[in-house]
Amino acid sequence: MSTLKSFAIASSLAALSLAGLVTEAVAQAKEQFFPLLVYRTGPYAPNGTPWANGKQDYIKMINARDGGINGVKVTFEECETGYATDKGVECYERLKGKNPSLFDPQATGITFALTDKVIKDKIPLVTLGYGLAASQDGNVFKWNFPLMGSYWTAADMLIQHLAKKEGGFDKLKGKKIALVYHDSPFGKEPMPLLDERQKMHGFELIKIPVTAPGVEQKSAWLQVRQQRPDYVLLWGWGVMNSTALKEAQATGYPREKMYGVWWAGAEPDVKDVGEGAKGYNALALNTSGQAPKVIQDILKYVHGKGEGTGPKEEVGSVLYTRGLIIQMLGVEAVRRAQERFGKGKVMNAEQVRWGLENLALDQKRLDALGFAGVMRPISTSCQDHMGSSWARVHSWDGAKWNFSSDWYQADEQIIKPMVKAAADKYATEKKLERRTPADCQS
Amino acid sequence: MLYRENGQFKTSYRADSQIFTIRQDKIAIAGLLLLAFVLTPWLASDYFFSAILIPFLILSLAALGLNVLVGYCGQISLGTGAFMAVGAYAAYNFQVRVEHMPLIGSILLGGLCATAVGVLFGIPSLRIKGLYLAVATLAAQFFCDWAFLRIKWFTNNSSSGNVSVSELSVWGHAIDTPAQKYLFCLSFVVLFALLTKNLVRGAIGREWMAMRDMDVAAAVIGIRPVYAKLTAFAVSSFIVGVAGALWGFVHLGSWEPAAFSIDRSFQLLFMIIIGGLGSVMGSFFGAAFIIFLPIVLNQLPAAMGLQIGTETASHLELMVFGALIIFFLIKEPHGLARLWSTAKEKLRLWPFPH
């Protein structure tokens, strides 16, 4: 009987709490709500955590310093995805009913799963520096915003950098470039661009997959040892990056010839490898360090009051700063939308979408926001949902990241036709019409 | 006093061999079906459909399929995720390559492809048993993971290895809203549960159970091991394949092989162990336990007004969930379905236990 009783108690408890969740009242006060999908657990947590902390701290800072966006208080709620697509979908469904401003799923897999859903729900999907490369085409992807760069622009800039190092694109002929990639949509996204560049310049592209999460890479680096590529492009995330660096060290592959995407170029990737990572390069979308004014403001208004989300030392690290940028662009999109739909009002997702599509952050505005030097100006439009594609290369000197190249921009002549073709293919598959100029005004 | 069979006499074999022999059971099931088909679509919220009920239904179906194999026929399998993937990718290929392919048609054909693959990987079961077989079916899991990641044809040459479907419709009716998707899955699940129940009650089911209980004795009394084992693999992977197709088409809409990884195989195995091996009801209990509980545990601290961090909540969720699994397995090793039948037994005697 005792089994039965405990079972009854457990099930009635579960039923009660479920009922509570269903009827949970949705607060519709004067608050701009940002759902935050995060992963603070699992194999990607070391990289996911600073990113999530940055986003949260920026919201807290906006409330503390400016009193919200034109008087509208910013609120947030986190939901843990663990980088898993099905959990991400659950989080999305859980939070989409609470009048969200936008979603930033923090994972390419979740982005793929949500891309169809946001069309129906009319919620913008911001995928800064990741997600679907083709979604740059705002004429087909009305709700996706791969702001500041996609994996195609990243791959393009890396090849440009290698060509520059070699002394010209013609020097790439006959060179071997290996792509060591996370075996998931994230790792495979850059391939079409690299294939295209391979055809143009005649280098040999070797694709070496690494099974997620990437702690087991012995066979991949055996291939590197056999093939001796001239360069290794590292398309990794989380624990895969530091493992790759350790394997490179064990294999004796020079770290100076390794180039990571911008998700493979943060402190958690190299810190544990220490001296072994010295000389390793990666793309950088943003600066790191505590010098920028926005970081100072966060230290003062958030951490100074003991309300910081993570440890104080982490403030200003690469991924933390990227979190700030993502959240800043979201907040600026709301501000932009308010200029059109009414200042001091809560913007709904459709209005925020308009704001994201009409972002115009010039240098002056960035300076005012405290992002001087952190990033380049960005302006989006109906056609271009990316806004800009600036990035630099930075190198790890054993203690910190230093910039080792000037700014690059992806080659429009290569990217544009590819984006157009991929977007058209998507539109045909999904039976979508390209947006009309009238739709662009809405 | 309510649950008692006094006065319900069975006067024919037909009446005696019904699924639900007691009137109260029939009423309860009718009520449950009424609730599921009529009331729930009115009452539940979109979140409840999309994030809880639809995954619950589809994974119950997959667990049902696995239960046929493991629970009824005693062949341990760790390749469930692979068979789900075969169902999903095959259905996807039928959908994109065949003009005017009806949705239900491609889902069922996906199931048939999974059947073929399932039987193929079931052949080793004729020679090896138990844990050894589990390792052999693990090969199916790794092979399918590899195939769907590497062979471009399966994904219609998608550059990122991700496939997606949209615009689901049945006989001209769009399956768009969460409620429609729910009803679509529910119909599949109810139908397959009924079919499975009848299969395991019939001659073929008894052959499976005989194989499970003692294969040598079964062979001696004239049951063909080849036939019994391979039919179990066929039926199981058909159901699992259909569940996989539904998971891809209806729940995710867009998926990559990671959606059907080895974790999914383990998850389904846990479902039937916790729910109850060799029980149709157990598949549903197990799926409910594994799907609802983490979500409830994850949201409970916030709902009770506790201010704790996201990662603390996630870790607490894992700890409590793990502890509950151990608790239930110690208290009732035969799973939740056994608790349920014990409860029914007690109710039949209540209030005069003896």
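In what follows, every heavy atom counts, from backbone to side chain, and hydrogens, waters and symmetry copies are set aside. Please read these numbers as outputs of a predicted model, since none were measured by experiment.
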Just how far is it from atom [atom1] of [X] to atom [atom2] of [Y], taken to the nearest 0.5 Å?
X: A:Tyr426; Y: B:Ser158; atom1: OH; atom2: OG; answer: 12.0 Å
X: A:Leu36; Y: B:Thr310; atom1: CG; atom2: OG1; answer: 8.5 Å
X: B:Gln299; Y: A:Arg94; atom1: CD; atom2: CZ; answer: 3.5 Å
X: A:Cys91; Y: B:Ile295; atom1: SG; atom2: CD1; answer: 9.0 Å
X: B:Asn298; Y: A:Cys79; atom1: CG; atom2: SG; answer: 6.5 Å
X: B:Asn162; Y: A:Leu132; atom1: CG; atom2: CG; answer: 8.0 Å

Flag side-chain contact, heavy atom, 4.5 Å: [X] against [Y]:
X: A:Asp183; Y: B:Arg150; value: yes
X: A:Asp116; Y: B:Ser164; value: yes
X: B:Ser314; Y: A:Arg40; value: no

Can you tell me if A:Lys120 uses its side chain to pair, donor with acceptor, with the backbone of B:Asp176 under 3.5 Å?
no
Are the side chain of B:Ser254 and the backbone N or O of A:Phe112 linked by a donor-acceptor pair below 3.5 Å?
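Flag set: sc B:Ser254 to bb A:Phe112 pair under 3.5 Å.
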So, for A:Thr41 and B:His315, which heavy atoms are closest and what is the spacing to 0.1 Å?
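Where A:Thr41 meets B:His315 most closely, the heavy atoms are CG2-NE2, 3.3 Å.
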Quick one: closest heavy-atom pair of B:Glu256 and A:Ser184, and the distance?
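Shortest heavy-atom contact: OE1-CB, 4.0 Å.
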Where does B:Val96 contact chain A at under 4.5 Å (heavy atoms): side chain, backbone, both or neither?
neither
Contacting region of B:Trp255 [heavy-atom separation from chain A under 4.5 Å]:
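For B:Trp255, neither part sits under 4.5 Å from chain A.
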Less than 4.0 Å between a side-chain N and a carboxylate O, is that true for A:Asp86 and B:Arg264?
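Result for this pair is yes, salt bridge flagged.
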I need the residue from A:Glu90, A:Glu77, A:Lys431, A:Glu80 with the largest number of non-hydrogen atom pairs under 4.5 Å to chain B.
A:Glu90
Identify which of A:Glu189, A:Glu78, A:Lys430 forms the greatest number of heavy-atom pairs closer than 4.5 Å to chain B.
A:Lys430
Report the C-alpha distance between B:Glu311 and A:Val38 in whole Å, list the side-chain angles of each, state the deciding distance to 0.1 Å, and finish with yes or no for side chain to side chain contact (heavy atoms under 4.5 Å, CB included).
CA-CA 9 Å; B:Glu311 68 271 42; A:Val38 300; over 6 Å; no
